[in-house]
Student: 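My questions all concern the structure below.
This one's a predicted model, so the numbers in the text were calculated from it and none came from an experiment. Side chains included, hydrogens not; waters and symmetry mates left out as well; all remaining heavy atoms used.
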Amino acid sequence: MIHIKEAIIVEGRYDVNKLKQLVDTVVIETGGFAIFNNKEKLALIRRIAAERGILVLTDSDGAGFVIRNYLRGAIPKEQIRHAYIPQIAGKEKRKAKGSKEGTLGVEGVPNEVILQALQQAGVECLPEDSGKPRITKADFYEWGLTGVPGSNEKRKKLLKALDLPSHMTANALLEFINAVADYEQVRREIEKL
């Protein structure tokens with residue numbers, strides 16, 4: 001598994017699953033064209049882009065390029081990179097029929113193709129141990145953010161304090177915090193709640 005500085009933006013949840021098996025970084029799904037109307041998610045992507053940069057990895061079909069171009073216009077050019085997968089004919093195993101253009105998406109291409117696309121995009125690999133303590137689910141439990149009475153309300157207060165979308169799941173919050181915040185900063189915010 002490679003450790004990447006940039007967060008990776010993909011179209012769907014199956015793309016997220018595929019990338020999580022290959023890289024250790026934040027992977028955000030646009031929900032396809034839903035990104036056009038989701039101001040909270042776009043704000044989150046912009047925030048992560050400003051902190052660590054983003055890498056767009058969409059399908060190589062027309063829809064993927066529409067999403068890619070939307071993000072290209074929404075994110076400052078110095079904060080965004082693009083990785084491209086080739087157009088490979090076929091259909092994903094889980095689908096009854098192939099895509100409109102008859103090509104594989106991110107979830108369907110071989111792992112080596114994705115790794116090569118990331119390499120060609122010039123991703124910044126990080127050492128395995130950055131020295132920065134990572135916040136864990138155990139920390140969330142200890143801080144009362146999960147698994148205890150009132151944890152949902154406390155988590156919502158933390159989301160508001162960190163200016164994050166109110167519907168963010170505990171797992172998404174944990175991933176975001178480890179991407180842009182640090183242990184002490186989050187602990188201080190929680191003590192204020």
Side-chain angles (χ1 to χ4, degrees), residues 1-31 34-35 37-58 67 71 74-76 78-81 83 106 114 118 121 123-193:
M1 182 166 293
I2 59 173
H3 303 274
I4 297 174
K5 178 184 176 191
E6 296 94 347
I8 299 177
I9 310 299
V10 295
E11 292 180 57
R13 70 174 178 250
Y14 292 101
D15 300 335
V16 172
N17 294 342
K18 174 91 170 199
L19 268 289
K20 286 292 195 178
Q21 296 171 32
L22 302 173
V23 297
D24 177 24
T25 192
V26 176
V27 182
I28 300 171
E29 115 181 55
T30 66
I35 190 65
N37 298 314
N38 191 333
K39 302 298 180 209
E40 285 185 335
K41 185 164 281 186
L42 183 58
L44 183 68
I45 291 171
R46 283 180 172 147
R47 213 165 146 185
I48 290 175
E51 181 68 29
R52 60 191 293 167
I54 62 167
L55 179 76
V56 179
L57 180 65
T58 58
I67 294 165
L71 292 171
I75 308 294
E78 64 276 2
Q79 298 172 0
I80 188 170
R81 291 180 196 237
V106 169
I114 291 175
L118 296 176
V123 296
E124 186 175 336
C125 293
L126 299 173
E128 290 223 16
D129 180 16
S130 66
K132 174 181 158 185
R134 292 185 57 85
I135 297 169
T136 65
K137 287 184 179 183
D139 293 322
F140 269 25
Y141 180 79
E142 182 182 322
W143 296 335
L145 295 172
T146 58
V148 297
S151 60
N152 192 38
E153 293 79 24
K154 192 169 186 178
R155 201 168 50 252
K156 286 195 183 293
K157 288 179 184 176
L158 179 61
L159 287 167
K160 185 173 179 144
L162 295 174
D163 196 28
L164 293 171
S166 61
H167 298 291
M168 201 175 222
T169 66
N171 287 338
L173 173 60
L174 182 65
E175 186 174 42
F176 175 82
I177 286 172
N178 279 317
V180 300
D182 70 21
Y183 187 92
E184 289 303 316
Q185 174 192 9
V186 173
R187 192 182 55 73
R188 284 191 302 272
E189 285 298 328
I190 291 169
E191 287 173 358
K192 292 179 194 175
L193 300 179

Student: About how many Å separate CD1 of Ile75 and CZ of Arg46, when rounded to the nearest 0.5 Å?
Tutor: 6.0 Å
Student: Ignoring hydrogens, what is the shortest heavy-atom contact between Ala83 and Leu57? Give both atom names and the distance.
Tutor: O-CD1, 3.6 Å
Student: Under the 3.5 angstrom rule, does the side chain of Lys41 hit a backbone N or O of Glu29 as a donor-acceptor pair?
Tutor: yes
Student: May I ask you to decide if Ile4's main-chain N or O and Thr25's side chain share a donor-acceptor pair within less than 3.5 Å?
Tutor: yes
Student: Below 4.5 Å, heavy atoms only, C-beta onward: do Phe140 and Ile190 meet side chain to side chain?
Tutor: no
Student: When you look at NZ of Lys156, are more than 12 heavy atoms from neighbouring residues, nucleotides or ligands closer to it than 6.0 Å?
Tutor: yes
Student: How many angstroms lie between CD in Glu51 and CD in Gln79, if you round to the nearest 0.5 Å?
Tutor: 10.0 Å
Student: Which atoms form the tightest heavy-atom contact between Lys137 and Asn171, and what is the distance?
Tutor: CE-OD1, 3.0 Å
Student: Taking atom NZ of Lys160 as the centre, does the number of heavy atoms from other residues, nucleotides or ligands within less than 6.0 Å exceed 12?
Tutor: no
Student: Using side chain to side chain contact (heavy atoms under 4.5 Å, CB included), reason through Glu175 and Ile177 one step at a time and then give a plain yes or no.
Tutor: CA-CA 6 Å; Glu175 186 174 42; Ile177 286 172; over 6 Å; no
Student: Looking at Glu189 and Lys192, does any basic side-chain N land under 4.0 Å from a carboxylate oxygen?
Tutor: yes
Student: Test Ile45 against Ile35 for side chain to side chain contact (heavy atoms under 4.5 Å, CB included), laying out the working first.
Tutor: CA-CA 10 Å; Ile45 291 171; Ile35 190 65; 3.9 Å; yes
Student: I'd like to know if the side chain of Asn37 reaches the main chain of Ala34, judged simply by a donor and an acceptor atom lying under 3.5 Å from each other, with no hydrogens or angles considered.
Tutor: no
Student: What's the separation between atom CD1 in Ile67 and atom OG1 in Thr58, rounded to the nearest 0.5 Å?
Tutor: 6.5 Å
Student: Could you give the distance from CZ (Arg155) to CG (Leu174), rounded to the nearest 0.5 Å?
Tutor: 11.0 Å
Student: For Glu6, is there any backbone N or O sitting under 3.5 Å from a side-chain donor or acceptor partner on Arg52?
Tutor: no
Student: Could you go step by step and tell me if Asp24 and Ile2 meet the side chain to side chain contact (heavy atoms under 4.5 Å, CB included) rule?
Tutor: CA-CA 6 Å; Asp24 177 24; Ile2 59 173; over 6 Å; no
Student: Carefully, step by step, assess Arg187 and Glu191 under the rule salt bridge (charged side-chain N to carboxylate O under 4.0 Å, His left out).
Tutor: CA-CA 6 Å; Arg187 192 182 55 73; Glu191 287 173 358; 2.4 Å; yes
Student: Rounded at 0.5 Å granularity, tell me how far CG in Leu19 sits from CG in Leu55.
Tutor: 8.5 Å
Student: Any idea which heavy atoms bring Met1 and Gln21 closest together, and the distance?
Tutor: CE-O, 3.6 Å
Student: Among Val123, Val23, Val56, Val26, which one satisfies side chain to side chain contact (heavy atoms under 4.5 Å, CB included) with Ile8?
Tutor: Val23
Student: Please test Val106 against Glu11 for side chain to side chain contact (heavy atoms under 4.5 Å, CB included), starting from the C-alpha separation and ending with a verdict.
Tutor: CA-CA 9 Å; Val106 169; Glu11 292 180 57; 5.8 Å; no
Student: Within a strict 4.5 Å, meaning less than it, do heavy atoms of the Met168 and Leu44 side chains meet?
Tutor: yes
Student: Hey, are the side chains of Leu158 and Leu173 touching, using non-hydrogen atoms and a 4.5 Å cut-off?
Tutor: yes
Student: Got a second to check how far Ile54's CD1 is from Leu71's CG, nearest 0.5 Å?
Tutor: 5.5 Å
